[in-house]
Structures are given as C-alpha cells and as structure tokens.
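Take a look at the structure below.
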Amino acid sequence: MLITTANLASNPRLLKEYIALSGTGRYDVYVIGFDLDNWTRQVETQVRTRYNVSRIKYLQAGRSPLWPWLVATGVQFLARILARVVPANLRMQALAANKLTFRLMRGLKHMPEKFDVVIAHNLGAWYPAYRLSRKSGSRLVIDVEDYHPGERVEHRPQEERKRREFLMRTLLPKAGYVYFASPLIEGETLGLTGKLKHHAVINNCFPKGEFMSSGQSANEQRIRLVWFSQNISGGRGLEMVIGALKAYADQYHLHLIGHLDPTFNDEWVRPNAELITTEPPLPQAELHQRLTAFDVGLAVEMDTADLNRQICLTNKIFAYYQAGLFILATDTRAQRLFLDRKKGHGQVCAQTPEGFSHAFHQIGDAIGSIRKDQHNRWQEAQGHAWEEEQKKLLDIIAKLTTDHA
C-alpha cells in the first residue's frame, strides 16, 4: 500500500513508485490519498486513465462535507494544545502536525485487507502508516522526500520545527526501510536521528521513455527558457529572473508552466507579456515531451526560502537533465553538488539579480555550443533514468516481502 496526503497528480514520486511496483506483476498495489479540490483534479483523471489505476481510495481533504472537516480541524487544534503538555506523546504530536493525519487514521481504521508492505509518503502520512503497520503486521517503509524540520511554516515555527524533529527521530527508526530523495536530505536526517536500520537514496528522476532528443535547429533566434511547477507564484525567485531578463528582451523568451497566481500575473507576467508565455499544468509525460522545445531549464531555488530548499533536488532539475536541456540553477548546496557531478549539463549562479544577469550574458555567448550539445546531454542522461533508480525500490520491497513471508 502507498499512502499519501496528496494525490497521484501532485505526488509524482509516488506515481513513479506505483508504476514500478505494479509493472512487475508481482505486487497488488493499493493507493490511499486525498481528493484535492484544486487544479489537480483534471490532471488526476488523465493520470488514472493513462496508468489504469483502479486500486485506489481517496478521502476528502476540503470543507465539503463540512462535518468531517470541522472534526479534523478541532482535533488538530486540541492536539496542538495537548502536545505542549505532553511533548513526548507521539499521537498528539502527529495529530498536531497535519490536519489530514486524523482523516487518514479514520480512513485506514477499517481497511478490509492486510498488506505486506506499507509505504508512507509525506509527513502527515507517516504516523497513520506506522499505526496500520503495527495493527496489521505490515512492514513499514518511509519515503523522506523533503527535510520537514527545515521547511518554513508560519504558525509557531520554532514549535513546529521541534515537533517535526521529534516525529522524525521517533518514527524513522521504527521503519524497516527509509529512503531519501537527495544525498543531502539523507545526511541531514541521519544527523538528527542517528543510525537507521536500512536506508538509501532514491533519486527523483523519471522514465527515460518520456524524454526525446529535440534535434532542434541551432539557428533559432531567441533563447528559450522554461520553468515549471504546480504553481506560478511570487517568492520563488522568478521576480529576479524576470527583472534580469528585461535587459535581454530581444535575446530571450521565458515560458512558465503551472497554475498562474492572479497576483503574480498582475505584477510580473502581464507587464512583461512580450517576454513571457504561460501555460497551464500538464500531465507528467506530456510536460516532459514539451521540454524538448526549450534550450535552458531554470532551477531557481532560494536559500532564504528554508533549509529544505537548500538541500533538496526538485523534480524539475531531473526533468531538465533528462531532456538534455542546459540547466541554469541557483547555487543551493544540493544543486551545486548535482551540477558538480554532471559536468557540461549546466551552471550555477548567485541568487541575486546580478547573478542571473551575468549568467544570461554567459549563456547568450555560448548558445551555439549549448544547442549543439543537447543530444549528447540527453544521451548521457539515459543511463541515469528512473529505470535505474527504481531497481533500488524493487530490491527493498523484494527483500521486505521475502523476509515477511
């Protein structure tokens, strides 16, 4: 069973794991998550159809129906109070951390089936998965895609950081296996928890069949930049990118893919319409094929956002890499390490307007060779695709199911 507080459309890592496990023919894979009342609904339908996902149960995440939402809200409010009184109580800390934790606990309470292995994604799913594993005798696996104590939160940030540290120190050692989405997340977590039973890094790359070499002409006039995310919004470094690009308006064009925030549109996109094109979110495979139309992928992560952003490797940097795009990445610890190990696939720049401006100047001078080398970059990345990374996951599950037999 795969458990998430998101859905397939907004949790690409879980979707890849579902495809890998179900594709073996050895495992009957069940997904439990949430119906999110947002832009992902349309993409979710496409994903389920494409991958024939039938063994799935979604709980309601929003305010309709109202009563379950009110109950979950009340439970989290009381748990936050009680967690200050009994800080070592795992149940209280888990309920206080995420409103959806309570809904997952209720949803898993009367599962008619037993599962050999339970894989928990997202912080809010860890404790319900742990309870289910204890009740059913399942082996527990935890996927640490982000370093949750290092994520920025608005409500009592110091208290929440300590809560998340407590949850990681308490729950991760109880798992039969823990895997991480980047080497630096693994290192930071082990520094917090100490030695774990079994752990590995499973990189967030994608199936190689989703990417094609563009074979594009080197005579294109404007350099085509692309950036994608679930949401196109402020506070993510795009303001600096757009500000720096204004001096290169005749040389560059920026393409943004995602759900466009109205405020960001009014303040940054519309006033620079000659420089920017936007596009709604796309299903994963379609997005990856779309990337072949571009020269440079922007991996704009900011140290000032939070610690997690300094040490994570996002979906986008792997997607750019596998598409053969030249990567322009801000100099976070994780991205600098990534490009140090992938020579010729991109460059890092300072997280300042001047840093972007300098990088755009350098890329403009080198665009001929950047385009010429696209096929070579794409070809090299073929050996570092999900087909290789998923072997780690399949080995983990095979071992756990054999030991559990």
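These figures come from a predicted structure and were not determined experimentally.
One side chain, Ser10 or Asn7, offers a donor N or O that lies under 3.5 Å from an acceptor on the other. Gln289 and Glu210 share no donor-acceptor pair across their side chains, judged by distance under 3.5 Å alone. For the residue pair Ser229/Arg236, the side-chain donor-acceptor check at 3.5 Å is satisfied. Under 3.5 Å, the side chains of Thr401 and Asp116 contain no donor-acceptor pair of N or O atoms. Side-chain atoms of Arg371 and Gln374 form no donor-acceptor pair, as typed in the model, at a separation below 3.5 Å. Checking Ser213 against His375 by side-chain atom types alone, a donor-acceptor pair falls below 3.5 Å. Residues Gln335 and Glu301 bring no donor and acceptor atom of their side chains to less than 3.5 Å of each other. In this model, no donor atom of one side chain and acceptor atom of the other lie less than 3.5 Å apart for His155 and Glu160. Counting only N and O atoms by type, the side chains of Asn11 and Thr4 include a donor and acceptor under 3.5 Å apart. Side-chain N/O atoms of Ser136 and Ser138 include a donor and acceptor closer than 3.5 Å. Glu186 and His199 share a donor-acceptor pair across their side chains, judged by distance under 3.5 Å alone. Inspection of the His384 and Gln322 side chains reveals no N or O donor paired with an N or O acceptor under 3.5 Å.
Note: Tyr252 and Tyr248 have perpendicular aromatic rings, judged against thresholds of 30 and 60 degrees for the angle between ring planes.
Tyr321 places none of its side-chain heavy atoms less than 4.5 Å from the side chain of Arg377. The closest side-chain heavy-atom distance from Val269 to Phe264 is below 4.5 Å. Between His345 and Phe338 the shortest side-chain heavy-atom distance does not fall below 4.5 Å. Residues Asn315 and Phe206 have side chains in contact (heavy-atom distance under 4.5 Å, counting atoms from C-beta outward).
Considering all non-hydrogen atoms of both residues, Met302 and Arg309 come closest at O-CB, 3.7 Å. For His148 against Leu123, the heavy-atom pair with the smallest separation is NE2-N, 3.7 Å. Gln76 and Ala96 make their closest contact through NE2-O, 3.2 Å (heavy atoms, listed as atom of the first residue, atom of the second, distance).
For the pair Lys246 and Glu274, the salt-bridge criterion is not met [side-chain N within less than 4.0 Å of a carboxylate O]. Looking at Arg161 and Glu165, a side-chain N of the basic residue comes within less than 4.0 Å of a carboxylate O on the acidic one, giving a salt bridge. Under 4.0 Å is where a charged nitrogen must lie from a carboxylate oxygen, and between Asp143 and Arg13 at least one such pair does. Salt bridge Asp395/Lys399: absent, no basic N to carboxylate O contact under 4.0 Å.
Checked by atom type and distance alone, the side chain of Ser64 never pairs as donor or acceptor with a backbone atom of Leu66 at under 3.5 Å.
Applying the ring pair (Phe, Tyr, Trp, His ring centres under 6.0 Å) test between Tyr320 and each of Phe228, Phe294, Phe326 identifies Phe228 as the sole match. Only one option out of Val226, Leu254, Ile363, Leu325 pairs with Val296 in a side-chain contact (heavy atoms from CB on, under 4.5 Å); it is Ile363.
Between atom CG of residue Asp35 and atom CG of residue Leu59 there is a gap of 9.5 Å, rounded to the nearest 0.5 Å.
For the pair Lys316 and Trp227, the cation sits on the ring face: its NZ or CZ lies under 6.0 Å from the ring centre, inside 45° of the axis.
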field: Chi angles and distances behind the salt bridge (Lys or Arg N to Asp or Glu O under 4.0 Å) call for Glu159, Arg84
entry: CA-CA 9 Å; Glu159 179 180 317; Arg84 294 172 201 143; 3.2 Å; yes
